[in-house]
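Heads up: the structure comes next, in structure tokens.
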Amino acid sequence: MSFTSFHFFLFLIVGVIVYYIIPKKVQWVWLLILSYYYYFTYSFKTVVLLLFTTVVTYSCGIALEKINEEKPDEGDLGEDKKLFKKRIAHKKKCVVVWALVLCFGILAGVKYTNFAIKNINSVIGLFKGTGRISLLTITLPLGISFYTFQSISYVIDVYRAKVKAQRNFFKYSLFVTFFPQLLQGPIGRYDRLAGQLYEGHSYNLKNLQLGAQRILWGFFKKMVIADRLTSPVNKVFYNYGNYGGWTNVFAILMYTVELYADFSGGIDIVIGVAQMLGITLDENFRQPYFARSISEFWRRWHISLGLWMKDYVFYPFSLSKGMHKFGKWCKKTFGNNVGKLMPVSLGNLLVFFIVGIWHGAAWKYIVYGMINGVIIAASGMLAPVYESIHKKLHINPKCKWYQCFMIVRTFIIVNITNFYDIAPELYAANRMLTECFTKAHISQLSLSTLTSIGLKQADLIVVLIGCFILFIVSVLKERGVNIRESVAGKNIVIRWSLYIGLIMFILLYGSTSGTTDFIYANF
């Protein structure tokens, strides 16, 4: 049941009406029913894996809570208390390890088994072997990466005593399966989300208005911009041998726009639906194409994933005892600057290796992640060099022209890395990127190049208008303007004229080839 389908529209209307009619104390039950019904419409078979993750992380949370509540006997001596703390810490770590092994084991099993088999077969072929392992038929559960990461964050937060374990299994199930965010995030945190799910909410016209407003904006991004670009992008990337030069450049630019409009549009719908129910979800995007560096880009893009990686991978790794010792060794061997930055750099490389394989089971995704990781790690190491260059060339890094240069430079790098995200395989990504230069010809800089890949002149005009609107809104948001509140505060004539105008634009200029699934629903 796609967010842009008529079925979902009816589902949402009925869901919201019933939600505000029933007593507050049972509203969470209704949300749980809606969430499981929503997931069943996508996949009845894979709900077993969703339940497995829920049961495992719920049980681990309860176990950790009980261990947290254990106390030493009052007669214990000081030394015995130290041993008690060590024993408790060991027990807690064992529980967390079990949660990680079981949940990430399921994720790895369904998502990466065939990838492993393909690589084993390649190695067999490399040594002239004749045997091959057959690929398995595996149905990938929708949203498995999102609900797994969200569930694991809960377990670790209970381990850290940041939150209390939820003893009601069904309430906890709602945290894992809350339907708006189930398929593509944002990845929620228990301390910020759970209370909102359970407390119940009164009818609030402003929440309904702002939520519907956000949903319409998401529809605009998805149906007018992203869906219109899907066909020409796929035509180039899945027939890459027929193209090259500026055609590849146009295709990657279109994909970069498509990806942002699709993913951020989906998140707009998610946040809007939740707001209609009185629930505030974390923002997942903050004008990422205005970033001045790759590290800043990842602080603005898929924010919930970046924060998850920072809190549960980067800090535990870079601040670990092993990294502390390694940093000391680096200081002695390479100097203070390298010694300080080396653990951080290795932490970034680990994070982006995980980000790469999180995106999918293919070498191209690993390369995609590592390119980003290497750039970020190298930028930290080379910061003193950049500062020296600025001084020698008398460049003020804060001046407007240099800020614009950094934005354009970062946007170009993002487009280059996106070849490894959209191309069908690693070889294709390398070839297409190379042929941007080797097959470039001035004759390709024409409208006929775009029409040859399926982007008609009318489609191009609509996309350009859509991108212009998107750009203006992004500039205003970057300057701190609260557009949603501003529109909601206009008088009824202006407000509804804007709403009706947006609805008509979506109906008239939504993709004529039909809406497609959201890209990140398959993660």
Side-chain angles (χ1 to χ4, degrees), residues 229 233 236-237 240 244-264 285-303 305-306 309-310 314 341 344-345 347-360 362-383 385-387 389-390 395 397-398 400-423 426 428-438 440 467 470-471 474 478 519:
L229 293 174
V233 166
V236 175
F237 279 93
Y240 60 89
W246 286 102
T247 307
N248 288 1
V249 174
F250 292 146
I252 198 62
L253 287 171
M254 287 190 290
Y255 174 68
T256 297
V257 172
E258 178 201 358
L259 180 63
Y260 175 67
D262 184 284
F263 193 13
S264 69
F285 290 90
R286 186 169 57 83
Q287 297 78 255
Y289 295 147
F290 288 162
R292 294 159 179 80
S293 66
I294 292 297
S295 58
E296 184 186 349
F297 172 80
W298 282 100
R299 291 195 297 271
R300 291 167 171 260
W301 177 279
H302 205 343
I303 297 170
L305 176 64
M309 290 293 174
K310 182 181 74 171
F314 178 79
L341 293 175
V344 174
S345 298
N348 280 321
L349 290 174
L350 175 62
V351 163
F352 280 95
F353 173 77
I354 296 173
V355 167
I357 60 175
W358 180 85
H359 275 77
W363 284 107
K364 64 169 187 167
Y365 291 121
I366 295 175
V367 172
Y368 169 76
M370 294 310 294
I371 290 175
N372 282 280
V374 168
I375 291 173
I376 292 172
S379 297
M381 290 287 188
L382 296 173
V385 177
Y386 296 150
E387 187 176 345
I389 292 173
H390 293 155
I395 295 174
K398 294 183 180 180
K400 287 185 178 180
W401 76 263
Y402 192 74
Q403 294 286 301
C404 290
F405 162 75
M406 290 195 295
I407 291 172
V408 173
R409 176 202 63 185
T410 303
F411 183 71
I412 291 171
I413 295 172
V414 168
N415 277 273
I416 290 172
T417 62
N418 278 346
F419 274 102
Y420 297 91
D421 183 31
I422 178 60
L426 181 58
N430 290 331
R431 176 175 168 177
M432 292 186 73
L433 185 54
T434 302
E435 290 181 351
C436 286
F437 305 96
T438 59
C467 288
L470 197 59
F471 176 76
S474 297
E478 191 73 3
I519 294 171

Side-chain donor/acceptor of [X] to backbone N/O of [Y], under 3.5 Å:
X	Y	answer
Arg292	Gln403	no
Lys364	Ala423	yes
Arg286	Arg300	no
His302	Trp298	no

Taking all atoms of both residues into account, what is the closest heavy-atom pair of [X] and [Y], and its distance?
X	Y	value
Gly380	Leu341	O-CD1, 3.2 Å
Thr410	Ser293	OG1-N, 3.2 Å
Val249	Cys436	CG2-SG, 4.0 Å
Val257	Cys467	CG1-SG, 3.7 Å
Glu258	Ile519	OE2-CD1, 4.0 Å
Met381	Ser345	CE-OG, 3.5 Å

Practice task
In sequence, state the C-alpha distance, the side-chain angles, and the governing distance for Phe419 and Asn430, and then conclude on side chain to side chain contact (heavy atoms under 4.5 Å, CB included).
Solution key: CA-CA 8 Å; Phe419 274 102; Asn430 290 331; over 6 Å; no

From [atom1] ([X]) to [atom2] ([Y]), nearest 0.5 Å:
X	Y	atom1	atom2	value
Ser264	Gln287	OG	CD	10.0 Å
Leu433	Thr438	CG	OG1	10.0 Å
Ile407	Tyr402	CD1	OH	12.5 Å
Phe352	Met370	CZ	CE	10.0 Å

Practice task
Can you label the angle between the Trp301 ring and the Phe297 ring as parallel, tilted or perpendicular, going by 30° and 60°?
Solution key: parallel

Using side-chain heavy atoms (C-beta onward) and a distance below 4.5 Å, is [X] in contact with [Y]?
X	Y	result
Asn248	Ile252	no
Tyr386	Pro397	no
Val355	Met309	yes
Glu435	Tyr240	no
Ile294	Ser379	no

Problem - Residue that, paired with Tyr368, satisfies side-chain contact (heavy atoms from CB on, under 4.5 Å) out of Ile422, Leu426, Asn418 - result: Asn418

Fill in the blank from the handout: From the list Asp421, Asn415, Asp262, side-chain contact (heavy atoms from CB on, under 4.5 Å) with Tyr255 holds only for Asp421

Practice task
Apply the test side chain to side chain contact (heavy atoms under 4.5 Å, CB included) to residues Ile371 and Ile375: give CA-CA distance (whole Å), side-chain angles for both, the deciding distance (0.1 Å), then the verdict.
Solution key: CA-CA 6 Å; Ile371 290 175; Ile375 291 173; 3.9 Å; yes

Problem - Partner of Tyr260 by ring-ring contact (aromatic ring centres under 6.0 Å, His included), out of Phe471, Tyr289, Phe290 - result: Tyr289

Practice task
Indicate, with yes or no, if the rings of Phe285 and Phe263 have centres closer together than 6.0 Å.
Solution key: yes

Exercise for the section: Please name all residues satisfying side chain to side chain contact (heavy atoms under 4.5 Å, CB included) with Val344, sequence neighbours left out, ordered by chain then number. Expected result: Phe314, Asn348

Problem - Crowding at CZ, Phe437 (>12 non-hydrogen neighbours, <6.0 Å) - result: no

